[in-house]
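Accompanying notes for the structure given below.
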Protein chains: 2
Amino acid sequence: MAGKAEKEHGEAGGRARGIDRLIQILEYLHEDGRPQRPNDIAVGIGAPKSSVYEIVNRLVDANFLEPFDREGRLFLGRKLHFLGAHYLETFDLLREADPTVAALSAETRETAQLCMCEGDKYVVALAHSGGRHFKISSDIGRPIPLTWTASGRLLVADRSENEIIDFIPPADFTLPDGKPLATRKFLSQIESARAEGFYSSDSVVDDYTHCFAAPVRDRDGACLATLCIVAPREEAKRRHDELRDSLLRHAATLTAKLGGGAKRRP
Amino acid sequence: MAGKAEKEHGEAGGRARGIDRLIQILEYLHEDGRPQRPNDIAVGIGAPKSSVYEIVNRLVDANFLEPFDREGRLFLGRKLHFLGAHYLETFDLLREADPTVAALSAETRETAQLCMCEGDKYVVALAHSGGRHFKISSDIGRPIPLTWTASGRLLVADRSENEIIDFIPPADFTLPDGKPLATRKFLSQIESARAEGFYSSDSVVDDYTHCFAAPVRDRDGACLATLCIVAPREEAKRRHDELRDSLLRHAATLTAKLGGGAKRRP
DNA sequence: TATGCCATTCCGCTATACTGGAATGATGGC
DNA sequence: GCCATCATTCCAGTATAGCGGAATGGCATA
């Protein structure tokens, strides 16, 4: 589960099994983000065309993929939405969190998200855009280095310094602009996040947003996820305290709903 | 694509391919609705245990399945949520409809849904529960005969009588209580729904709700989906006109949004 | 501790799914 | 119209994925 010795499946070498091809195809479309032809997919994942055509047809039959246009492009299918919705209903954290995220977004009129670790990366698990149609970032489920986000500081804050260094891939200490993030600096930011139970910073992914993050804890006090607000920098500065308070209040409510809130784990 | 000569994949006979097993497993968990052990899944879909264990492990690695408890039960995984969310963003109708469904639900304080055809069946594609926590029906994506629902009348109303009879499997003219639905009656209900641009009736699936449905149309006037309200029968009777008007208004807005030139992005 | 039941893992065999490459079809430029 | 280019489908061979069955492990109850 942890992020160390991750066995690679879609590996090079001999022939691959259908299952792995299937997973590759879905993940590829998800990551690439745009509808593609079977041929493009084959090239994209480096698989034989004949195999991809064969599997893709089966996936269309099952509504895991869906025809997108008349040029033969395909994209993720409706069935995935159905399965995903079912997952949400069953998974306590997200089920409970969804109304909270919606309420926070409605109250602040900014984009609100629930973020989590996925392996050694950060992902947005839920998002509600604020009133303005600024285009919700909406990269739900797209993994990003933990180091790039305010939430990341909180998500790793339960670990010791050594564990953190061990946990985060060295490559992730390079920011999107190519500049390095000093380990020492990162650790001290984490220390501050841990102490405050809150962290906020300008996004390093874009040039115009500021992100506020607060931890959502289980009953052992472990940080399961972060609730966060993404706002234009202007707005974030002007309404800093208001947004922070709103965020902290909702995060506390959600933690309470989950039966959490105790201190640290034993 | 239509619902006639559907080639069966998970069929009996020789050995099955992994892809088909995978799809079977996910659909089985979705339909059964509760977390299961690999062994239960194997029995449930009638597949060899060794195969299911093997595939299930791979699916857990890929987060398509997720450990559910410490007794080894598994359920649909987070990745499915991510893929499903991505589908939603890309699919105009659902992306546009989501705020409408939310608004309708908020305004009426009843459960609101967007329903569509899936092959020759009816499915709920989006749902927002009303204020009360009556437990949202929330069978998102679970196929139901079109004949069982108010929405079904509208969803087939674009077809001729012969086409309808041809389209709907004979078995679906049996209602959940085992009684038959007369073809003639069904057709005349459709005629009425078509004329009114609205249909409402008590649910035949349960004994305490009433369902209001209105069409959402594309620019050619075809019924893409229905917007609907599910309310307790008491409430539905008392607030009948109010709920109908609210529904029709939102359905018209949504139709306008889509007809205004909504297009898919390349 | 012994016993029975069931879930899970292990293992060798072989039917077949995946593949490479070639044939066919579609598209667009000239 | 006639190529050139690329997407898609067809096909036969073989590496291997899926299978059955047997071994192991877990967890009760006696």
Side-chain angles (χ1 to χ4, degrees), chain A residues 1 5 7-29 32 34-62 64-77, chain B residues 1 5 7-29 32 34-62 64-77 264 266:
Chain A
M1 264 252 158
K7 200 173 177 186
E8 296 299 326
H9 290 278
E11 216 54 6
R15 74 167 68 168
R17 53 193 289 192
I19 296 230
D20 290 329
R21 292 298 186 203
L22 185 161
I23 293 170
Q24 279 178 51
I25 289 168
L26 295 180
E27 291 185 338
Y28 172 68
L29 285 174
D32 190 84
R34 50 189 178 185
Q36 315 227 6
R37 294 179 177 159
N39 195 57
D40 306 321
I41 298 174
V43 173
I45 66 175
K49 298 176 186 192
S50 43
S51 306
V52 172
Y53 274 96
E54 164 51 21
I55 290 172
V56 144
N57 284 330
R58 180 71 188 88
L59 289 178
V60 170
D61 282 354
F64 278 55
L65 291 182
E66 215 169 74
F68 180 82
D69 57 23
R70 263 134 255 168
E71 279 79 54
R73 267 176 278 267
L74 303 168
F75 200 63
L76 304 173
Chain B
M1 260 262 157
K7 200 171 174 187
E8 296 300 326
H9 291 279
E11 218 52 7
R15 76 168 63 168
R17 52 192 291 194
I19 296 231
D20 291 330
R21 292 296 186 207
L22 185 161
I23 293 170
Q24 278 179 52
I25 289 169
L26 295 181
E27 291 185 338
Y28 172 69
L29 286 173
D32 190 83
R34 49 189 178 186
Q36 315 227 5
R37 293 179 176 160
N39 196 56
D40 306 322
I41 297 175
V43 173
I45 65 175
K49 298 177 188 193
S50 43
S51 305
V52 172
Y53 274 95
E54 160 65 33
I55 290 172
V56 144
N57 284 330
R58 180 71 188 87
L59 289 178
V60 170
D61 282 354
F64 278 55
L65 292 181
E66 213 169 76
F68 180 82
D69 56 21
R70 260 132 257 171
E71 280 78 54
R73 266 176 278 268
L74 302 169
F75 201 61
L76 304 173
R264 299 178 154 209

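In what follows, chains are A, B, ... by sequence order, proteins preceding strands, each numbered from 1.
Summarising the geometry, the separation between CZ on A/R58 and P on C/dC18 is reported as 12 Å, rounded to the nearest angstrom. At whole-Å resolution of the value, CZ in B/R21 and C1' in D/dG20 are 13 Å apart. Note: NZ (B/K49) to C1' (D/dA23) measures 13 Å, nearest angstrom. Spacing between atom CG of A/N57 and atom C1' of C/dA17 amounts to 15 Å, rounded to whole angstrom units. Atom CZ of B/R37 and atom P of D/dC27 are 10 Å apart (whole Å). C/dG20 atom C1' lies 15 Å from atom CD of A/E54, rounded to whole Å. Atom pair B/D20:CG and C/dA15:C1' shows a separation of 15 Å (rounding to whole Å applied).
With hydrogens and angles ignored, a donor-acceptor pair closer than 3.5 Å exists between the side chain of B/R15 and the base of C/dT14. In the interface, the side chain of A/R17 is not paired with the base of C/dA17 through any donor and acceptor atom under 3.5 Å apart. Looking at B/S50, its side chain has no donor and acceptor atom pair within 3.5 Å of the base of D/dG18.
Shown for residues 38-45 of chain A: residues whose heavy atoms fall under 4.0 angstrom of DNA chain D, namely A/P38, A/N39.
For C/dT8, the OP1/OP2 oxygens have a side-chain nitrogen or oxygen of B/Y53 closer than 4.0 Å.
Salt-bridge annotation for A/E54 and B/R17: present, with a side-chain N of the basic residue lying under 4.0 Å from a carboxylate O of the acidic one.
Shown here are the side-chain hydrogen bond (donor to acceptor under 3.5 Å, both in side chains) partners of A/R37, two or more places apart in sequence or in another chain: there are none.
Annotation: side chain of B/L74 is not in contact with side chain of B/L59 (no heavy-atom distance under 4.5 Å). Contact of the B/F64 side chain with the B/I25 side chain is not registered, since no non-hydrogen atoms from C-beta on lie closer than 4.5 Å. Using a 4.5 Å cut-off on side-chain heavy atoms (C-beta onward), A/N39 and A/V52 make no contact.
When each of A/R73 and B/I55 is assigned the nucleotide of DNA chain D with its nearest heavy atom, A/R73 is the one assigned upstream, toward the 5' end.
To the nearest 0.5 Å, atom CZ of residue B/R21 and atom CD1 of residue B/I45 are 5.5 Å apart. If you take CZ on A/F75 and CG on A/D32, they are separated by 8.5 Å, rounding to the nearest 0.5 Å.
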